[in-house]
Amino acid sequence: MTVLTKVRIAVQKRAAYLRLKNELASMPQDVAIDLGLFREDAAKIASKAIYG
């Protein structure tokens, strides 16, 4: 894997992380409760989902 490929993958993962984090953080409170999530944990949940 070339350096350019690694950078491209890292940028794609970062973009996916930010999208997911923002979606989780902005979901309505009642939906979050139904899913058993705390919106305050959006960064932790998104990080685990994207980066493992």
Side-chain angles (χ1 to χ4, degrees):
M1 200 179 314
T2 67
V3 173
L4 188 57
T5 302
K6 288 181 182 181
V7 169
R8 183 179 49 81
I9 291 170
V11 169
Q12 288 173 340
K13 283 186 175 187
R14 181 68 178 174
Y17 164 78
L18 290 172
R19 275 193 310 270
L20 181 56
K21 182 181 76 106
N22 290 335
E23 286 293 322
L24 291 173
S26 66
M27 76 170 55
Q29 186 66 32
D30 59 333
V31 173
I33 290 170
D34 287 345
L35 295 173
L37 304 174
F38 294 103
R39 291 185 299 176
E40 295 79 16
D41 292 338
K44 186 171 96 175
I45 294 167
S47 178
K48 185 167 179 133
I50 301 299
Y51 299 112

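For this chain, numbers begin at 1 and follow the sequence in order.
Using a 4.5 Å cut-off between side-chain heavy atoms of Ile, Leu, Val, Met, Phe, Trp and Tyr, Val3 falls into a hydrophobic cluster with Val7, Val11. Other residues sharing the hydrophobic cluster of Ile9, ordered by chain and number and joined by side-chain separations under 4.5 Å: Met1.
The side-chain hydrogen bond (donor to acceptor under 3.5 Å, both in side chains) contacts involving residues 41-52 comprise nothing, where partners must be two or more places apart or lie in separate chains.
Residues passing the side-chain contact (heavy atoms from CB on, under 4.5 Å) test with Ala43 are Tyr17, Lys21, sequence neighbours excluded. Residues satisfying the side-chain hydrogen bond (donor to acceptor under 3.5 Å, both in side chains) test with Ser26, not counting sequence neighbours, are none. With sequence neighbours left out, Ala25 forms a side-chain contact (heavy atoms from CB on, under 4.5 Å) with Ala42.
Across every non-hydrogen atom of Leu20 and Ala46, the tightest pair is CD2-CA, 3.7 Å.
For Glu23, the CD atom counts as loosely surrounded, since its 6.0 Å shell holds 12 or fewer non-hydrogen atoms of other residues, nucleotides or ligands.
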Let me have the donor-acceptor pairs involving side chains of residues 33-40, under 3.5 Å, with sequence neighbours excluded, atom names and distances please.
{"unit_1": "Arg39", "atom_1": "NE", "unit_2": "Gln29", "atom_2": "OE1", "d": "3.0"}
{"unit_1": "Arg39", "atom_1": "NH1", "unit_2": "Met27", "atom_2": "O", "d": "3.0"}
{"unit_1": "Arg39", "atom_1": "NH2", "unit_2": "Gln29", "atom_2": "OE1", "d": "2.9"}

